[in-house]
Amino acid sequence: MLPEHLKVNEEGHLVVGGCDTVDLAEQFGTPLYVMDEGLIRKICRAYKDSFAMYYGGQGTPVYASKAFCCKEMCRIVKSEGFDLEIVSGGELYTALAAGFDPAHIHFNGNNKTCEEIRYALEQKVGHILVDNIEELHLIQKFSEVMNRVTTVSLRIKPGIDAHTHQFIRTGQIDSKFGFALETGEAMQAVQETLALPNLDLEGVQCHIGSQIFDIAPFVEAAKVMLQFMQDVREKTGVTVRVLDLGGGFGIRYTDADQPVPYNDYMREVSTAIHKKCRELSFPVPYVYIEPGRSVVGEAGLTLYTVGSVKEIPGVRNYVAVDGGMTDNPRYILYQSAYDVLLANHADRAPDYTATVAGRCCESGDLIQENVKMGKPKAGDLIAVLSTGAYNYSMASNYNRVCRPPVIMVRGGSPRVVVRRESYEDLIRNDL
Ligand SMILES: *Cc1c(COP(=O)(O)O)cnc(C)c1O
């Protein structure tokens, strides 16, 4: 069963954004990242609409650019009225090159360098999320030298277990991110921030994990954070005005995943926020959420050409493709599940059990093990679905493999938004 945005045409070819994937592979080569721009924009609008509905505009979605970052993606979320979250100087540089207004950029990260902090301040980045005390003092120092007041929020660990893969769980106390609530570290950080003359504490932020399907941990996190805002008001007399609840909304990779409609999540969390604020007589804060994966994940697919099929009797069938861990390291990192289709025979019954292998000199370089797909042969085209997030952005040049291009498709027309890397690109910094 295909996701709604994908079709199969009369020739049995997989179609995305009105474009035949066989034509795309011929025109642009493989491996190839294909992104459905219409779906990205549809999801952006769903987030914007629910902010309008549940927060009366007193909130903004912030696209976590690490999920998929390039200039065109920054332009797309800008045109949809999103803010942008960055975690490095490189992401900031990309955003600025795309014309993104720095006042709407949020700078996160657990170990920003001095150069990055200075760069962000010079460029007038509007929101800095502070992760630790050393960073707090660095921002104070640079702000003083630059004779300015910098708006900051504090990254808090609310101690929520979001039942997800432990490598991507970041809300609990054993985490490298942020200030812990239960040890008193967070309150101390608030007091230190308020005592620093060149900092304006606008709010608090948390991010409880990724690929989460439950609404409950988000509701719980919102309540814990509001209680903390109330504790801050009692202890210091200061009312912080911003609550940033991070990202982490799950998407569908395979049938095993059943994401909550984002509107349901938005409704329940906003209901909990309004209720808790009434209970505490606390003014409803300005709310940010930071979706990354859910904005782009399902909109992407990767096309590969099959090079060989090795059937090892009683063991498994290796289907080797012209990409692998260099363009999608998520299987080797997290054993992530993906649906795989024979894109040039998408109408063929998925009765063949394949282990899709990459081309790197690494036995673990697999895209998927024992997945059901139509029976392939050399030269066939394979599509791996839901690769829009954390694929291109995590790609590497291991084995000096060139990174694939990214194509946006919309209304039947494709356009290149990231060119294919060349051998020349690979040696550009070699001396
Ligand atoms: C990674 C991250 C996000 C985005 O997470 P998704 O799971 O992609 O939605 C948002 N905020 C912060 C602080 C993050 O680290």
Side-chain angles (χ1 to χ4, degrees), residues 35 40 43-44 46-47 50 59-69 73-74 77 82-88 90-92 95 104-112 120 125 127-132 135 152-158 160 162-172 175-179 203-215 217-218 221-222 225 242-253 257 259-262 265-266 269 287-300 329-330 333-334 336 386-394:
M35 306 284 289
I40 294 173
I43 292 167
C44 288
Y47 276 125
S50 58
T60 306
V62 183
Y63 172 61
S65 70
K66 72 175 191 273
F68 170 60
C69 185
M73 188 59 204
C74 293
V77 290
F82 271 50
D83 280 11
L84 193 76
E85 195 227 336
I86 56 152
V87 294
S88 72
E91 287 175 352
L92 175 54
H104 291 282
I105 293 179
H106 303 238
F107 190 10
N108 243 301
N110 73 304
N111 193 13
K112 306 171 188 76
V125 166
H127 308 268
I128 313 247
L129 290 304
V130 181
D131 177 90
N132 57 69
E135 186 175 291
V152 297
S153 287
L154 300 182
R155 169 77 178 261
I156 307 291
K157 283 186 267 198
I160 307 291
H163 305 292
T164 181
H165 196 294
Q166 66 169 350
F167 294 161
I168 47 179
R169 186 194 296 163
T170 52
Q172 83 285 45
S175 161
K176 69 172 184 172
F177 298 101
F179 298 100
V204 287
Q205 183 229 22
C206 66
H207 171 69
I208 58 171
S210 204
Q211 187 62 356
I212 300 168
F213 293 108
D214 269 353
I215 296 181
F218 290 111
M225 295 294 280
V242 166
L243 173 58
D244 181 336
L245 293 171
F249 320 113
I251 67 162
R252 184 194 175 284
Y253 283 101
D257 302 322
V260 176
Y262 305 131
Y265 153 78
M266 295 289 287
V269 172
V287 173
Y288 292 110
I289 59 163
E290 305 172 332
R293 185 192 313 272
S294 57
V295 175
V296 285
E298 291 183 35
R330 290 189 70 256
L333 278 173
Y334 316 115
S336 306
S386 295
T387 59
Y390 304 110
N391 273 236
Y392 172 72
S393 64
M394 287 183 140

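Numbers here simply count residues along the sequence, with the first being 1. In each ligand, atom 1 is the first atom listed, and ligand 1 is the first ligand listed.
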Handout entry: Residue list, side chain to side chain donor-acceptor pair (under 3.5 Å) with Ser336, at least two apart or on another chain
Key =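 Ser336 satisfies side chain to side chain donor-acceptor pair (under 3.5 Å) with Arg330 once adjacent residues are dropped.
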
Practice task
Sequence neighbours left out, what passes side chain to side chain donor-acceptor pair (under 3.5 Å) with Ser153? Give chain and number order.
Solution key: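 Ser153 satisfies side chain to side chain donor-acceptor pair (under 3.5 Å) with no other residue.
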
Practice task
Verify whether the ring centers belonging to Tyr288 and His106 lie closer than 6.0 Å.
Solution key: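 Yes.
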
Exercise for the section: Give the protein residues with at least one non-hydrogen atom closer than 4.0 Å to an atom of ligand 1, ordered by chain and number. Expected result: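 Close residues (ligand 1, cut-off 4.0 Å): Ala64, Lys66, Glu85, Asn108, Arg155, Gln205, His207, Ser210, Gly247, Gly248, Glu290, Pro291, Gly292, Arg293, Tyr390.
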
Practice task
Look at the side chain of Asp131 and the backbone N and O of Gly178, then say whether any donor-acceptor pair between them is shorter than 3.5 Å.
Solution key: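 Present.
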
Handout entry: SB check Glu91 Lys66 (cutoff 4.0 Å)
Key =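 No, Glu91 and Lys66 are not salt-bridged.
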
All N/O donor-acceptor pairs, side-chain side in residues 245-252, below 3.5 Å, sequence neighbours left out:
unit_1: Arg252; atom_1: NH2; unit_2: Asp255; atom_2: OD1; d: 2.6
unit_1: Arg252; atom_1: NH2; unit_2: Asp339; atom_2: OD2; d: 3.4

